[in-house]
Amino acid sequence: MRRVDPEEYAEAVLALVERVPRGRVTTYGAIADALHDRFGGGPRTVARVMASGAGGVPWWRCVRADGTLPPHLRDDARQAYLAEGTPLRPSGAVDLPAAYWQP
DNA sequence: ATCCTGACGCTAT
DNA sequence: AATAGCGCCAGGA
């Protein structure tokens with residue numbers, strides 16, 4: 001089943017990201033899995049939505065499967081995590097087991 | 001239609 | 001731990 005209305009898909013993704021509680025995070029893959037049955041698409045598709053449409057959503061609460069984010073977001077994300085007390089690992093990545101939030 | 005690119009993920013070096 | 005290869009999906013040139 002994969003009737004994709006890009007706009008609708010984007011909304012679904014952003015909606016999920018907005019639902020992530022303060023101090024917790026979810027992953028691209030998790031979101032992709034959650035929407036895959038209705039829209040198809042994979043982690044990259046989710047990432048595309050974030051890259052182009054993520055206005056007004058807590059984008060830093062959506063991280064890669066290893067708890068990191070691409071270099072150009074690391075700094076801002078870091079501030080956000082410190083600000084909202086997101087569990088971090090020494091490496092600077094998010095402590096997924098501790099902070100993971102399942103959509 | 002083809003090629004390139006990217007806020008991905010997993011396995012193998 | 002770091003790097004590389006491959007599969008994957010969708011958009012833009």
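These values consider heavy atoms only, across backbone and side chains, with no hydrogens, waters or symmetry-generated copies. It should be emphasised that the depicted structure is a prediction, and the values quoted were computed from it without experimental measurement. Each chain gets a letter, A, B and so on, in the order the sequences are listed, and its residues count up from 1.
With sequence neighbours left out, the side chain to side chain donor-acceptor pair (under 3.5 Å) criterion links A:Asp76 to no other residue. By the ring-ring contact (aromatic ring centres under 6.0 Å, His included) test, A:Tyr9 is found to be paired with A:Phe39, residues two or more places apart in sequence or in another chain being considered. Partners of A:Glu84 under the salt bridge (charged side-chain N to carboxylate O under 4.0 Å, His left out) rule, at least two apart in sequence or in another chain, are A:Arg61.
Only at 4.0 angstrom or more do the heavy atoms of residues 96-103 of chain A sit from any atom of DNA chain B, so none qualifies. Using a 4.0 Å cut-off on heavy atoms, the residues of residues 14-35 of chain A that approach DNA chain B are A:Tyr28, A:Gly29, listed by number. For DNA chain B, the residues of residues 53-62 of chain A within the heavy-atom distance limit of 4.0 Å (strictly under) are A:Ala54, A:Trp59, sorted by number.
For the atom pair CG (A:Asp33) and CD (A:Gln102), the distance works out to 8.0 Å, reported to the nearest 0.5 Å.
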Grab the N/O contacts between the protein and nucleotides 11-13 of chain C below 3.5 Å, and write none if there aren't any.
unit_1 : atom_1 : unit_2  : atom_2 : d
C:dG11 : O4'    : A:Arg48 : NH2    : 2.8

Can you tabulate the close N/O pairs, meaning under 3.5 Å, that link protein atoms to atoms of nucleotides 5-7 of chain C?
none

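Protein chain A contacts DNA chain B over a range whose 5' and 3' limits, counting nucleotides with an atom under 4.0 angstrom from a non-hydrogen atom, are B:dG6 to B:dC10.
Contact between A:Thr68 and A:Ala93 at its shortest, heavy atoms only, is CG2-CB, 3.6 Å. In terms of heavy atoms, A:Ala99 sits closest to A:Gly23 at CB-O, 4.2 Å.
Between A:Thr86 and A:Asp95 the shortest side-chain heavy-atom distance does not fall below 4.5 Å. Residues A:Leu82 and A:Leu88 meet the side-chain proximity criterion, which asks for heavy atoms closer than 4.5 Å. A:Val63 places a side-chain heavy atom less than 4.5 Å from the side chain of A:Leu96. For the pair A:Met50/A:Val17, a side-chain contact is recorded, criterion being any heavy-atom separation below 4.5 Å from C-beta on. You'll find the side chain of A:Val25 reaches within 4.5 Å of the side chain of A:Tyr81, heavy atoms only. Using a 4.5 Å cut-off on side-chain heavy atoms (C-beta onward), A:Thr26 and A:Leu16 make no contact. Between A:Cys62 and A:Val20, every side-chain heavy-atom pair lies at or beyond the 4.5 Å cut-off.
Heavy atoms of A:Ala65 sit under 4.0 angstrom from primed sugar atoms or phosphate atoms, though from no base atom.
For A:Arg24 (side chain) and A:Tyr100 (main-chain N/O), a donor-acceptor pair under 3.5 Å exists by modelled atom type.
For the ring pair (Phe, Tyr, Trp, His ring centres under 6.0 Å) condition, no pair includes a residue of residues 12-34 of chain A, sequence neighbours left out. Applying the salt bridge (charged side-chain N to carboxylate O under 4.0 Å, His left out) definition to pairs two or more places apart or across chains, none involves residues 10-22 of chain A. Pairs engaging residues 43-57 of chain A under the salt bridge (charged side-chain N to carboxylate O under 4.0 Å, His left out) rule: none recorded [sequence neighbours left out].
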